[in-house]
Amino acid sequence: MSGADLDDLDVVPTLIARYGQLLGCDHDERERGELLLDILHDLLTASGVQLRPAAPLVGESPTLGLRRGDTKLLGLVWRDSPLTAQDVAIWQQAARRRSNMQVALISMSGFDAHAGEAMDPQSPTVVLLDRTHVEAALCGLLTIEKAMQEVGDRAVFDGTAFTSLTDLLLTAPRHDPPSFVSFTRSPMPWELEIAATGAVSLQHLLSGGAGWGEITGFTVDGPRMLVTTGEGVVEVDTLRGTAHWLLPLAGCSGSALASADGGILVRRGSAVVEWKDGVLTPIAGDLGDTRMLLWGPGGQAWALCGNGAELGGATLGLVRLGGMVGDQQRYSISFDANVLSAAWLGDLRFFLGAEGHSAVVNLSCRTKVRREDWIVSPPSPQYLVALGGEVIAAGSDRTGLPGFLHRVDPAARTTSLVAQMQLNGVQGLGVTAQGRLLLLGDVRGNSQVPHPVIVEVSVGSGIRTAARTGAPTRPVGAEPSAADAVSGAPVDTTVAPSAVAAATADPYMAVRLMAHGERKDYALQPRPITTGGQAQVFRGTHKRTGTPVALKRLRMTGEDQRARMRREVDAAGMFGSNRHVMPVLDFSSSFEWLVMPLADHSAEAMAAALRFDGPLRKLITAICEGMREPHRAGWIHRDLKPANILWLDGRWVVADWGLGRRPRGQTTVPGRTQVGELYGSLGYAAPELYTDAHAVSPQTDIYSIGQIIGWALLQTDPHANVPHLPSAGPWRAVVRAATHHDPRQRPATVDELLALIAAELDSPPTAPVNRGRALIEAACEGDASALPALFRLAADTTSHYELYMEALVHLDDTQIKQAVSADPTTARAVVQGVQELHTGGYVTLEYHDVDNLTRWLLRIARCAESIKAWDLLEDTIDAIFYLDGGWDRWDVRNDIHAWLSERSGVAAAIAAQALRAHPDSIPRFDDLAQQATVDYHIRQAATPATQHASDERIGGSPTAASTPSRRHRPDRPDR
């Protein structure tokens, strides 16, 4: 196999991902220091700093030389306890011995309260930095150089030995934040409501005072609102409108997440920071394309990132942030839409609000949104709140006017308007613990100065208002997730039994929900189950749940290998809901390992059992079922072989997508597929994989399936480019077709392959008419179930001509009554099928066919009337007039005429209604209008329309109308 093909996005791990892997592995103090120094080396190099190796200042502590203008040293200590004043003094003395060169001492374990006492503020040769400074640099909040410079300046000018990250980044506000005032003091400049449905009402509560800048985020958290501006986060009292700075941090953007412990999370540039108890802590980085933050399962913060519709390639994803830098985990999502917002619905289900069509994605089984998953979207669903089982979406069109509020029912996949408002823009939506919706809008008019307003949306019974999830505030009384159920957290199952049940419905759901890319979450056996050229697979256990798993770990962590593992993760994410595709439960952010369910064995290990038709067909059917959707989406596996088909929980699954080819347009690195090299596994790889492994099609995988069939029957491995043909039997034709040298001559799809297998292996089906005759014979022999079965057969075989004309129409009255009385609903389907008999292409009814059908329908009509099956009677009469109008048969018209003249009561009314629905038949029965013994309803229906019009003009009684000429249908079918 060649390892040259990657066909993937750039998968070089980011510095943050490398840092996360470092934190997740067990290393001694020296190894940790050296690995971190490598990360810092790359970080500083990327910012243009010239570096060179430097001899350690103290002991074996890793040290780097920095040169940009003046020369500095960077020393690193990472031990289990904070550095003391004595430790700092040793570094101070070592720096002086190096000609008083400035040294940045980074202690990843921090400093104790007295460490700064060893510093000489007048000669700060050592600058103290801790883990938060390093993580802030990794997240892009500041640079190591700037941190060194600022901390050194504060030591000189302020006499501060150590400056925390909080003090470095926060700035004293230059002014108090603007507040909000009551609507009575600052009313709306115009009428707010344009339209509202049902019991929905809109109430203007507060108006922003002077001084507000552009607002980028809005959060409702109990009695307070959090408003994000470019200068920081402002806390506003919901009732009074008073405001104060909660987080004076310039550069903040987007709605903050408010946690139950009083802290908040907010975006700053490409980073997410936590503000809690007066301390600022970096949480995540590499999030420059973030759209919004939201709460997800287990009370964890998530970020919606990227876009599903970009010319340069889709980048849409949901990122679980975790609790510290390096702990984030990204789930790539395939959804061709401009996704603006997201809301958590429970477990790993998220609602994605997009322009045109939204969708629900379940990360536990599928990250690809199919067209059938689309939900018609309101215009620009920029802000979402999940209420009960519904989602409330707010936004405005591209002009900013008006504002909309819509209700989306994800289960029913419907969207309806709640309210339309005269606003220049919608800037946020939140929900209180009591279920009150608060909307932040803007009414600046033609002014450039923002004028924010707070609007309360009161809802009646039309909207369920029990807050669950999706708002920026951590949900109060939210439905517990399956993770809570399995982790021992208190769960009120009377509130949400479905969430608890979800944990047991899927044996791996608990692992999925707790997954966050941490290798230490799994205990592995020392020896691998299997070892391949690229990776090893170990039997393992998820520590918190005890679930058996398999962990696949790369043997080499080069770019090519990580690209393959990323493909495996992406394919499992997109198609993992298919029960014949191996899912991925967890993976590292750098794509060096992944976790999947522990399979029992591979097809390779079951070769002896697969030589029989039944087990082999089950295997091949599973492979085809697993490959159907990937092929339709443009994915080609390129490495189907017995070792990659695994037995999991009673079914076969397709595994190992490392060599898979993504859909065209998603392979962003030209030249990675090397033409002329073998790509795949020898013997199972199609011939075209030797020439151009990128220009392949589903037929490439079909070739491999054909070789798998030959392997199972012959019990030997195939040779390269040689069809592995069985010596004889029905499978030979299947393998011959599937392994044709020319891909165009193979079955084009897995469904065509399955159809070929069925044609070769299955006995030909019994014709419906023969089955019908057998049922009639059984009925004559006393089988009471035979005639109802005959009608079910007719209903299920879509108007089969021979079955009707050679079996059904020959039933006598007793047989018809037995079948109809047993199941009038099925009889309706049989009757309705009459109108489809002539539409089968080659089938055209003869005149005698029409006569036989009409008389048969009349017998059914009499039976329906006798058992008061009025719906059946209505369909039957409709079919009778359909035949009469289309074929104009004199022979049976007398039978119809006699039947009509004898009807009364409900049957007559139904017959009259059917006659009026077929105006072409009215002139043929107009003499009934003059017969006093005929039911009034039928007489009225049989009166020609011209006669009715004449009667209305003269105000008199109906008079005899002249008999119109018989009209023949110009397109009357001939046979």
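The backbone N or O of G317 sits nowhere less than 3.5 Å from a side-chain atom of S332 that would complete a donor-acceptor pair. The backbone N or O of G306 sits nowhere less than 3.5 Å from a side-chain atom of T315 that would complete a donor-acceptor pair. Remark: the backbone N or O of D28 is paired with a side-chain donor or acceptor of E31 at under 3.5 angstrom. A donor-acceptor pair under 3.5 Å is absent between the side-chain atoms of W91 and the main chain of A104, judged by distance alone. Judged by distance alone, with hydrogens and angles left aside, the side-chain atoms of K543 form a donor-acceptor pair with the main-chain N or O of K520 at under 3.5 Å. At least one donor-acceptor pair closer than 3.5 Å links the side chain of D261 to the backbone N or O of G263. Between the W344 side chain and the D347 main chain, a donor and an acceptor come within less than 3.5 Å of each other. Side-chain N or O atoms of Q328 include one that pairs as donor or acceptor with a backbone N or O of G285 at under 3.5 Å. Of the possible donor and acceptor atoms, one in the side chain of T228 sits under 3.5 Å from a partner among the backbone N and O of G254. Judged purely by atom type and a 3.5 angstrom limit, W212 uses its side chain to pair as donor or acceptor with the backbone of S179.
Relative orientation of the W593 and Y522 rings is perpendicular, given thresholds of 30° and 60° on the angle between their planes. By the 30° and 60° cut-offs, the orientation of the rings of F587 relative to Y331 is perpendicular.
Every side-chain contact (heavy atoms from CB on, under 4.5 Å) that Q382 has, sequence neighbours left out, goes to L340, S380, S396. Residues that satisfy the side-chain contact (heavy atoms from CB on, under 4.5 Å) test with A85, not counting sequence neighbours, are A118.
Checked against D586 for a side chain to side chain donor-acceptor pair (under 3.5 Å), the options H516, Q329, H542 give a single hit: Q329. In summary, of the residues considered (I16, L138, V134), a side-chain contact (heavy atoms from CB on, under 4.5 Å) with I39 occurs for L138 alone.
Between P62 and L40 the shortest side-chain heavy-atom distance does not fall below 4.5 Å. Between T216 and R267 the shortest side-chain heavy-atom distance does not fall below 4.5 Å. Put simply, the side chain of L348 reaches to within 4.5 Å of the side chain of R512, judged on heavy atoms. Between L437 and V431 there is a side-chain heavy-atom pair separated by less than 4.5 Å. The shortest distance between side-chain heavy atoms of L226 and E235 falls below 4.5 Å. Annotation: side chain of Q102 is in contact with side chain of V127 (closest heavy-atom distance under 4.5 Å). Considering only heavy atoms from C-beta on, L36 comes within 4.5 Å of Y19 through its side chain. Contact check for R291 versus N307: side-chain heavy atoms found under the 4.5 Å cut-off.
One distance of note links CE of M108 with CG of L129; it measures 11.0 Å at 0.5 Å rounding. Expressed to the nearest 0.5 Å, how far CE of M292 lies from CG of L304 amounts to 7.0 Å. Here L321 contributes atom CG and T290 contributes atom OG1; the two are 8.0 Å apart, rounded to the nearest 0.5 Å. Rounded to the nearest 0.5 Å, atoms OG1 (T143) and CD (E150) are 11.0 Å apart.
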- [ ] Take S358 and L352 through the test side-chain contact (heavy atoms from CB on, under 4.5 Å) and record every step on the way to the result.
- [x] CA-CA 6 Å; S358 300; L352 303 179; 5.8 Å; no
- [ ] Walk me through it: do I454 and F218 pass the test side-chain contact (heavy atoms from CB on, under 4.5 Å)?
- [x] CA-CA 10 Å; I454 304 295; F218 175 70; 3.9 Å; yes
TODO: List the steps, then state whether salt bridge (Lys or Arg N to Asp or Glu O under 4.0 Å) holds for R330 with D289.
DONE: CA-CA 13 Å; R330 186 182 186 110; D289 58 353; 3.6 Å; yes
Task: Criterion side-chain contact (heavy atoms from CB on, under 4.5 Å) on L170 and W245, from CA distance to verdict - done: CA-CA 12 Å; L170 264 62; W245 287 109; over 6 Å; no
Task: Criterion side chain to side chain donor-acceptor pair (under 3.5 Å) on T219 and D221, from CA distance to verdict - done: CA-CA 6 Å; T219 301; D221 181 28; over 6 Å; no
Open item on the list: Let's go through T281 and K276 carefully: what are the C-alpha distance in whole Å and the side-chain angles of both, what is the deciding distance for side-chain contact (heavy atoms from CB on, under 4.5 Å) to 0.1 Å, and is it a yes or a no?
Closed with: CA-CA 8 Å; T281 306; K276 180 182 175 183; over 6 Å; no
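Across all their heavy atoms, L280 and T166 have their closest contact at N-OG1, 2.8 Å. Across R320 and D327, no two heavy atoms sit closer than the pair NH2-O, 2.6 Å. The minimum heavy-atom distance linking F111 with L105 is given by the pair CZ-O, 3.9 Å. Nearest heavy atoms, P297 versus L513: CB-CD2, 4.1 Å. Scanning all heavy atoms of the two residues, the minimum distance from V426 to A394 falls at CG1-CB, 4.0 Å. Summarising the geometry of P282 relative to C139, their closest heavy-atom pair is CB-SG, 4.2 Å, with the distance given to 0.1 Å.
Side-chain polar atoms of H133 and D130 form a donor-acceptor pair below 3.5 angstrom.
A salt bridge is defined here as a Lys NZ or Arg NE, NH1 or NH2 lying under 4.0 Å from an Asp or Glu carboxylate O, and D42 with R18 meets this definition.
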Identify all side-chain donor-acceptor contacts of residues 74-83 below 3.5 Å with residues at least two apart in sequence or on another chain.
{"residue": "R79", "atom": "NH2", "partner": "D87", "partner atom": "OD2", "Å": "2.3"}

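Counted within 6.0 Å of NE2 on H244, heavy atoms from surrounding residues, nucleotides or ligands total more than 12; the atom is thus considered enclosed.
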